[in-house]
Amino acid sequence: KTLKTGESIQLNLILFDQGKSDLRPESKTELDKIAAFLTSNPTAEIELSGHTSSEGDAGMNRSLSYQRVNACKKYVVSKGIDSGRIISVGYGPDKPIAPNDTEINRTKNRRVEMRVLKV
């Protein structure tokens, strides 16, 4: 898929254990796609944003979401991508895409997104 400046996509299968920021092995396939995109587009810059549900302390969730998205960035950088091309932001519970009223909706809110800043 061709991505344009300003476009955001939700990354599927970026998984972490509850309360932790270590990438689970199955997350690497999706992150390899980001590395491939950045390799194919050498002037592209992206923002990786981490999001959580609203359960627990909001400040702790923001910190956890940043740690998680930073783990994603470190993995992509390990594939030879310049770290200056990736901005990491942890929004925690501040930008939900669904109400936090059921476990299914909370799961939707626990996500990593990529936004293209420059192609």
Side-chain angles (χ1 to χ4, degrees):
K1 179 181 176 183
T2 303
L3 298 174
K4 298 175 186 162
T5 299
E7 188 173 356
S8 292
I9 59 168
Q10 184 173 326
L11 303 173
N12 300 313
L13 300 175
I14 304 292
L15 304 172
F16 303 90
D17 290 329
Q18 185 173 350
K20 297 187 179 181
S21 61
D22 300 323
L23 279 171
R24 290 180 46 184
E26 56 268 40
S27 303
K28 294 177 181 178
T29 301
E30 193 81 355
L31 294 172
D32 287 339
K33 293 176 187 176
I34 294 173
F37 167 76
L38 291 170
T39 299
S40 299
N41 298 276
T43 61
E45 296 176 6
I46 63 169
E47 174 188 279
L48 292 175
S49 59
H51 304 268
T52 66
S53 64
S54 63
E55 294 177 303
D57 179 74
M60 288 179 63
N61 280 336
R62 279 185 212 95
S63 176
L64 179 61
S65 66
Y66 176 76
Q67 291 169 19
R68 287 177 169 179
V69 82
N70 210 39
C72 295
K73 176 180 177 175
K74 286 180 185 178
Y75 179 83
V76 174
V77 167
S78 78
K79 298 297 180 180
I81 303 301
D82 179 357
S83 66
R85 297 173 60 199
I86 305 169
I87 295 172
S88 302
V89 181
Y91 289 109
D94 298 339
K95 294 189 173 193
I97 58 172
N100 281 291
D101 55 355
T102 66
E103 187 54 34
I104 291 171
N105 283 342
R106 287 188 288 273
T107 298
K108 291 176 186 176
N109 289 328
R110 297 179 193 124
R111 68 197 188 281
V112 173
E113 293 181 346
M114 179 184 89
R115 184 166 58 101
V116 179
L117 302 174
K118 175 183 167 190
V119 178

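The basis for the numbers below is simple: all heavy atoms, side chains too, and nothing from hydrogens, waters or symmetry mates. Note that this is a predicted model, so its numbers are computed, not measured.
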Atom [atom1] of [X] and atom [atom2] of [Y]: how far apart are they, to the nearest 0.5 Å?
X: Leu15; Y: Glu30; atom1: CG; atom2: CD; result: 9.5 Å
X: Ile81; Y: Phe37; atom1: CD1; atom2: CZ; result: 10.5 Å
X: Leu31; Y: Lys74; atom1: CG; atom2: NZ; result: 13.5 Å
X: Asn12; Y: Glu26; atom1: CG; atom2: CD; result: 13.0 Å
X: Arg68; Y: Ser49; atom1: CZ; atom2: OG; result: 13.5 Å
X: Ile14; Y: Leu23; atom1: CD1; atom2: CG; result: 7.0 Å

Using a 4.5 Å cut-off on heavy atoms from C-beta on, say whether the side chain of [Y] contacts that of [X].
X: Ser78; Y: Tyr75; result: yes
X: Ile97; Y: Lys108; result: yes
X: Lys73; Y: Val76; result: no

How close do [X] and [Y] get, counting heavy atoms only, and between which atoms?
X: Gln10; Y: Glu113; answer: CA-CG, 4.1 Å
X: Arg106; Y: Asp101; answer: NH1-C, 3.7 Å
X: Ala98; Y: Asn109; answer: O-ND2, 2.8 Å
X: Val69; Y: Ser88; answer: CG1-CB, 3.8 Å
X: Arg24; Y: Phe16; answer: CD-C, 3.7 Å

Stepwise side chain to side chain contact (heavy atoms under 4.5 Å, CB included) test for Leu38 and Lys79: CA-CA 10 Å; Leu38 291 170; Lys79 298 297 180 180; over 6 Å; no
Side-chain hydrophobic cluster, 4.5 Å single linkage: members besides Val89: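 Its cluster partners, ordered by chain and number, are Ile87, Tyr91, Leu117.
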Side chain to side chain contact (heavy atoms under 4.5 Å, CB included) involving Thr52 - partner list, sequence neighbours excluded: Asn61, Ser65, Pro93
Flag, side chain of Thr39 to backbone of Ala35, donor-acceptor distance under 3.5 Å: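 Answer holds: yes.
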Check: Met60 main-chain N/O paired with Asp57 side-chain donor or acceptor under 3.5 Å: yes
Neighbour count above 12 (heavy atom, 6.0 Å) for Glu103 CD: yes
Partners passing side-chain hydrogen bond (donor to acceptor under 3.5 Å, both in side chains) against Glu47 (at least two apart in sequence or in another chain): Arg115
Linked, directly or transitively: Val119 and Ile9 (ILVMFWY side chains, under 4.5 Å): yes
Derivation and outcome, side chain to side chain contact (heavy atoms under 4.5 Å, CB included), residues Val116 and Asn41: CA-CA 11 Å; Val116 179; Asn41 298 276; over 6 Å; no
Test log, rule side chain to side chain contact (heavy atoms under 4.5 Å, CB included), inputs Ile34 and Leu11: CA-CA 9 Å; Ile34 294 173; Leu11 303 173; 3.3 Å; yes
